[in-house]
Amino acid sequence: MFENTGIHEFDELMQKTIVLFCGARHDEALPVAEEVRDLSHEQFGARSSQAGQALNNLGVVHSEMGHNKQANENLKEVAASLNNMGSLMKDRGDNKEALPFFLRSQRLFEKALGPESAPVATTLNNTASVYIAIGLLDEALPCLRRSYQIREKVCGPEHCAVAESLNNMAELQRKQGQLSKAEPKFRRALQIFETLLGPDTVNVSTVLNNLAGCLQQMDQRVEAEQLFVRALEIDEALYGTESPEILVVLYNLGDLLISQYKFSEAEVVYKRALQIAEKLYGTMHLEVAKDLFTLGKLYREIKQYASCEPVLLRSLMIRESELGERNKDVAESLDELGFLYQQQTDYNKAEIYFKRSLKIYERLHGPRNLMVAQSLINIGELMEAKNNQREAEHVYGEAQTMVGEIEGQDSPTYMKLGVRLKELARLRQSAMKKLTDDAS
């Protein structure tokens, strides 16, 4: 905690600066504003909000007195402090709180240095990263595009900052499904990094991993696998074979191998990721639970049920222990166990897990939500497997009504449920006719 005397003195001097400035006594306001700046640095730190306020006021006084050089220097200091504050908040995961700091930093850098300076490009890049983190992808792309244009003009086309912007733009476009636009940007970023930094650097590994993901989405799986393997080799050389940095590439490589039906190879990759996570974090860590869940899904896919059940149960146990019983990851584990037991025709056990999952989704999202609807569909499919057609009709009908309210009656899910309901109605009517015929 800061001393109350320091806060009181800061507030008094700030008020004195404002009074002198508003009274057009700029010569007297200047030394007071400088004193406030020094006090804010001493009491609160150079990156504090108080320091930012003090520098901003000092810049205004200098500007009014015609000291443009000093005013610009103060604006740059304020802008840099705001950018640093935004970065600290972003690193803590407080993305919504970070956004106004980045936006204000950008405006001040533009005022001090002009609209096409390197610091403006950096703050635009930071702003875009926050937009992406909070799901505002359409707002992020113009920021990334402008950052790229500034960097290419200021730094030249063959520069690491340009490559960074290309990679960031491409990764956003990949997430938006604009794969044909993303791929050439990834390849150009890769070429720049390899030329300037060499073929075995962290920047190259990052772009290789992103480009491989893009190619996987484009069904170019052979090249994607080669790039994932190369990225993994680079990370192993840089960080070691049991470092957290290689886990992301292992997960991506495992997913790709599954899409190629290379289940044995995928199992090796997932088991390696699990062993690394257990060694790094201990046996009761959420990262371990995620790896167990992924491995369990693979075992279910290839019908290795004896291996699957204990892995999924352990994942569920860790998640419930660490997250509590009302969490989406817990519901995900319950669903996966429901699918496992359904495949094994242990329908009663499957029903228990699906209904537990449904209760969690209802508590998290309310009774009318797409996750709730999907959970109802899972139960409906189970009821069909149990030949409980009446219950299946009821559950499908409830899910269809929910999907229609949320997505509209032209959504694929709504129409598929309509087809299932018609088929169940036909089967029910056929069964009733048979009973009538038999009775007569």
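The first residue of the sequence shown is numbered 1, and numbering continues consecutively from there. Note that the structure is predicted; figures quoted are calculated from it, not measured. The analysis underlying the following values was restricted to heavy atoms, covering all of them including side chains, and did not include hydrogens, waters or symmetry mates.
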Are [X] and [Y] packed together at the side-chain level, in the sense that at least one heavy-atom pair is separated by less than 4.5 angstrom?
X: Lys279; Y: Ile276; result: no
X: Glu332; Y: Ser315; result: no
X: Glu391; Y: Ile379; result: no
X: Glu423; Y: Leu427; result: yes
X: Glu267; Y: Lys271; result: yes
X: Ser147; Y: Met169; result: no
X: Lys328; Y: Ile360; result: no
X: Leu113; Y: Val120; result: no

Got a sec, which pairs hit ring pair (Phe, Tyr, Trp, His ring centres under 6.0 Å) with one end in [range], sequence neighbours left out?
range: residues 153-208; answer: none
range: residues 388-419; answer: none
range: residues 278-319; answer: Tyr281-His285

* Looking at Asn210, Leu190, Leu211, Val207, which hits side chain to side chain contact (heavy atoms under 4.5 Å, CB included) with Leu227? -> Leu211
Got a second to check how far [X]'s [atom1] is from [Y]'s [atom2], nearest 0.5 Å?
X: Asn388; Y: Glu393; atom1: CG; atom2: CD; answer: 10.5 Å
X: Gln389; Y: Glu384; atom1: CD; atom2: CD; answer: 7.5 Å
X: Asp346; Y: Leu340; atom1: CG; atom2: CG; answer: 9.0 Å
X: Lys386; Y: Glu351; atom1: NZ; atom2: CD; answer: 4.0 Å
X: Asn369; Y: Glu362; atom1: CG; atom2: CD; answer: 10.0 Å

* Asked: Strictly by modelled atom types, are Ser357 and Asp335 linked by a side-chain donor-acceptor pair under 3.5 Å?
  ->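 A donor-acceptor contact under 3.5 Å links the two side chains.
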* Can you find a side-chain donor-acceptor pair between Asn167 and Glu171 that sits under 3.5 Å? ->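 On atom types as modelled, these side chains do not qualify, holding no pair under 3.5 Å.
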[X] side chain to [Y] backbone, donor-acceptor under 3.5 Å:
X: Ser129; Y: Asn126; value: yes
X: Thr127; Y: Thr123; value: yes
X: Thr294; Y: Lys290; value: yes

If you look at every heavy atom in [X] and [Y], which pair is closest and at what distance?
X: Ala399; Y: Ile377; answer: CB-CG1, 3.9 Å
X: Pro310; Y: Ala306; answer: CD-O, 3.1 Å
X: Leu196; Y: Cys160; answer: CD1-N, 3.7 Å
X: Ser411; Y: Val403; answer: OG-CG1, 3.4 Å
X: Leu215; Y: Ala224; answer: CB-CB, 4.0 Å

Can you list the residues that meet the side chain to side chain donor-acceptor pair (under 3.5 Å) rule with [X], with sequence neighbours excluded?
X: Arg272; answer: Glu236
X: Ser333; answer: Arg319
X: Arg187; answer: Glu183, Glu223
X: Lys90; answer: none

N/O donor-acceptor pairs under 3.5 Å from side chains in residues 250-258, not counting sequence neighbours:
residue : atom : partner : partner atom : Å
Tyr251  : OH   : Glu287  : OE2          : 2.5
Tyr251  : OH   : Asp291  : OD1          : 2.7
Tyr251  : OH   : Asp291  : OD2          : 3.4
Asn252  : ND2  : Asn209  : OD1          : 3.0
Asn252  : ND2  : Val248  : O            : 3.4
Asp255  : OD1  : Tyr270  : OH           : 2.5

* More than 12 foreign heavy atoms under 6.0 Å from CZ of Arg326: is that the case here? -> no
* Could you check Leu280 against Glu242 for side-chain contact (heavy atoms from CB on, under 4.5 Å), going step by step and ending with a plain yes or no? => CA-CA 8 Å; Leu280 288 171; Glu242 295 184 335; 5.9 Å; no
* **Set of residues satisfying ring pair (Phe, Tyr, Trp, His ring centres under 6.0 Å) with respect to Phe339, sequence neighbours excluded** => Phe354
* To do: Name all residues meeting the ring pair (Phe, Tyr, Trp, His ring centres under 6.0 Å) criterion together with Tyr353; count only those two or more places apart in sequence or in a different chain, and write none if there are none.
  =>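 Tyr353: ring pair (Phe, Tyr, Trp, His ring centres under 6.0 Å) contacts with Tyr341.
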* salt bridge (charged side-chain N to carboxylate O under 4.0 Å, His left out) with Lys153: which residues, sequence neighbours excluded? ->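 For Lys153 the salt bridge (charged side-chain N to carboxylate O under 4.0 Å, His left out) partners, ignoring immediate neighbours, are Glu116.
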* Just jot down the side-chain contact (heavy atoms from CB on, under 4.5 Å) partners of Arg368, sequence neighbours excluded, or say none. =>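 Partners of Arg368 under the side-chain contact (heavy atoms from CB on, under 4.5 Å) test: Thr401, Met402, Glu405.
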* **Carboxylate-amine/guanidinium proximity below 4.0 Å for Lys96 and Asp94** =>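 Judged by the 4.0 Å cut-off on N to carboxylate O distance, Lys96 and Asp94 do not form a salt bridge.
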